[in-house]
Amino acid sequence: MFISGFGYILGETLKGLYRNRWMCITSTGVVAVMLLMLGVFMLINLNIGHITDTVKEQVEIVVYIDDQADEATLSELHRMLSEHHAVAEVRYVSSGEHMERLQRQLGGMLEGYDTSLDNPLLASYEIRTVVPEEVVAMAAEFETYPGVSTVFYGQGYVENLFAVTRVLQMVGLALMAGLSITAVFLISHTIKLTVMMRNKEIAIMKYVGATNWFIRWPFLLEGLLLGFAGAVLPIVALYYIYQFSVDWVIANNLVFLNLLPVQLVIVELAKYLVPLGTGLGVLGSTFSMGRFLKV
Amino acid sequence: MAKISTILELCKICTGRSDCMVEAKNMCMKYEKGGRFALENINFFIDRGEFVFFVGSSGAGKSTLLKLIIRELRPSDGTLKVFNRDISRLPRHRLPYLRRNIGMVFQDFRLMEERTAYDNVAFAMIVIGASRKEIRKRIPHVLGLVGLQEKAKARVCDLSGGEQQRVSLARAIANRPALIIADEPTGNLDPGTALDIMNLLRSINMRGTTIMVATHNRDIVDRFKKRVLYLENGKLVGDEQKGIYTNVH
């Protein structure tokens with residue numbers, strides 16, 4: 001029974017796909033288009049996240065040291081900064097080093113100026129934080145430390161950066177959620193249409209004594225295959241689209257667009273889209289059949 | 001088949017009567033609560049091997065009665081026993097096993113039209129888990145019985161109405177059911193083809209299968225002189241052995 005039943009179910013699945021090939025192509029197309037759109041948003045969102053993370057990593061706090069502070073105060077300040085739980089890295093920059101940087105930035109404009117005699121620039125600590133979003137609070141805290149002259153972290157710019165990235169991520173997530181819900185509705189309705197076209201067949205199966213699972217299996221397998229095909233097609237398309245985009249960014253020397261590597265992104269997409277596509281196919285078939293099985 | 005014979009043996013022991021195929025006791029059926037009766041206070045007993053016509057005008061309750069027997073519907077009141085089992089209490093998951101012992105023939109044939117005659121008959125056997133060898137052996141025999149051995153590979157949609165009903169009959173008898181239910185089996189057929197189908201049912205009956213036919217084909221009922229149960233407005237108003245449509249009416 002099992003072998004002939006299993007053989008039958010497998011055969012019926014393939015025959016069903018062939019017999020209803022146009023409907024199947026339509027279903028797969030709908031799944032593929034919806035998942036392609038979802039995939040594009042995922043790609044954009046992943047890369048926005050990556051770019052903003054990269055930018056955030058460059059955000060740092062510069063603690064300028066009071067030039068009147070004695071050695072003991074300075075070593076206490078260094079200890080306090082280094083031992084702070086939210087500090088990832090502390091780097092000391094002497095006033096001489098600051099002057100060298102300034103000379104580099106201004107080109108030859110400071111030529112002839114004797115920096116060893118009169119350097120007005122203050123020495124500083126450059127601090128990278130574990131969580132970039134905490135710089136504002138940490139800067140306020142560092143201002144109270146002994147031996148600190150001023151604290152700079154790109155006031156105004158950093159707050160704007162964080163606000164923009166938050167909005168971008170929320171918009172991306174909202175779009176993805178909206179698109180996922182639309183995809184679920186569209187796909188389940190398309191599969192429902194496929195099942196409805198075969199309701200007569202299902203009723204006949206019930207009349208001759210087929211169990212619900214005997215009837216369900218071919219439809220579930222069909223749904224699974226349709227969902228799988230509908231997920232793989234956009235992944236392949238997105239691979240080529242994304243590869244093209246990365247090549248274009250490199251060719252145009254847009255270095256500030258630090259895109260994620262192709263393989264990494266495609267694996268991430270596959271992890272999400274394949275289970276979603278096959279799951280939708282199976283669930284769509286299951287829910288669509290319920291009404292017809294009550295004969 | 002062993003299962004059916006066990007059921008029939010049990011039937012004999014329990015009832016003390018001969019083999020109970022279908023028995024209705026004070027059975028009522030309403031489609032809606034508070035609505036009118038589709039069937040009211042129905043009582044009958046059908047023995048093994050009987051050939052019974054259910055007659056009556058449209059809306060009399062013939063099809064409702066047959067739907068109750070295959071448990072497509074449940075009685076609102078009273079009991080309905082099929083193979084001596086009260087099927088209104090049959091759990092849903094046991095339904096397929098009940099239906100495997102009942103062959104069904106419909107006015108609109110209810111065949112898978114894009115598939116061949118062979119596939120349609122084979123389907124009924126696959127469902128019950130018959131082996132490929134068994135199916136290959138049985139189907140030519142069954143199609144031969146209904147005179148369709150030459151059309152085994154023809155798609156159902158390419159067959160005539162009479163041929164399609166023969167396929168439907170072949171499917172109904174493929175698993176050697178103890179009971180065959182036919183709902184207006186000749187409704188879509190010309191008189192000559194209708195008679196052929198009824199003759200086939202009679203020959204199946206002569207091999208021991210119980211046959212229940214719902215029809216309003218007066219000529220057929222009168223010609224066959226079998227037991228006739230007459231339904232009118234949901235009530236059983238007549239039950240005659242060797243009856244004719246006109247007499248009962």
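So that the names make sense, note that chain A is the first sequence line, chain B the second, and so on, each numbered from 1.
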| task | Answer yes or no: are there more than 12 heavy-atom neighbours, outside B:F44 itself, under 6.0 Å from its atom CZ? | result | yes

| message | Please find the pair of heavy atoms, one from A:V208 and one from B:V127, that lie closest to each other, and give the distance. | response | O-CG1, 3.8 Å

| request: Under 4.5 Å heavy-atom distance to chain A, tell me which part of B:M112 shows up: side chain, backbone, both or neither. | output: both

| task | Applying side-chain contact (heavy atoms from CB on, under 4.5 Å), name anything that partners A:L283, two or more places apart in sequence or on another chain. | result | A:F287

| field | Structural part of B:L73 lying under 4.5 Å from a heavy atom of chain A | value | neither

| request: For the pair B:M104 and A:I204, evaluate side-chain contact (heavy atoms from CB on, under 4.5 Å) and give the outcome as yes or no after the intermediate values. | output: CA-CA 10 Å; B:M104 276 176 271; A:I204 293 167; over 6 Å; no

| query | Do the charged groups of B:E113 and A:K200 touch, with an N to O distance under 4.0 Å? | reply | yes

| said: Is there a side-chain contact between B:R99 and A:K206 in this structure, where contact means two heavy atoms from C-beta onward sitting under 4.5 Å apart? | reply: yes

Show me, pair by pair, the donor-acceptor contacts under 3.5 angstrom made by side chains of residues 41-49 of chain A, not counting sequence neighbours?
{"residue": "A:N47", "atom": "OD1", "partner": "A:Y242", "partner atom": "OH", "Å": "3.1"}
{"residue": "A:N47", "atom": "OD1", "partner": "A:L260", "partner atom": "N", "Å": "2.9"}
{"residue": "A:N47", "atom": "ND2", "partner": "A:L43", "partner atom": "O", "Å": "3.0"}
{"residue": "A:N47", "atom": "ND2", "partner": "A:Y242", "partner atom": "OH", "Å": "3.2"}

| query | Partners of B:K30 by salt bridge (charged side-chain N to carboxylate O under 4.0 Å, His left out), sequence neighbours excluded? | reply | none

| Are there residues of residues 115-125 of chain B that reach to under 4.5 Å of chain A by heavy atoms, and which ones? | B:R115, B:F123, B:A124

| message | Could you check whether atom OH of B:Y31 has more than 12 heavy atoms from other residues, nucleotides or ligands sitting under 6.0 Å from it? | response | yes

| task | To the nearest 0.5 Å, tell me how far A:N212 CG sits from B:L95 CG. | result | 9.0 Å

| request: Report yes or no: do A:Y207 and B:R110 form a side-chain donor-acceptor pair below 3.5 Å? | output: yes

| B:R207 atom CZ, over 12 foreign heavy atoms within 6.0 Å | no

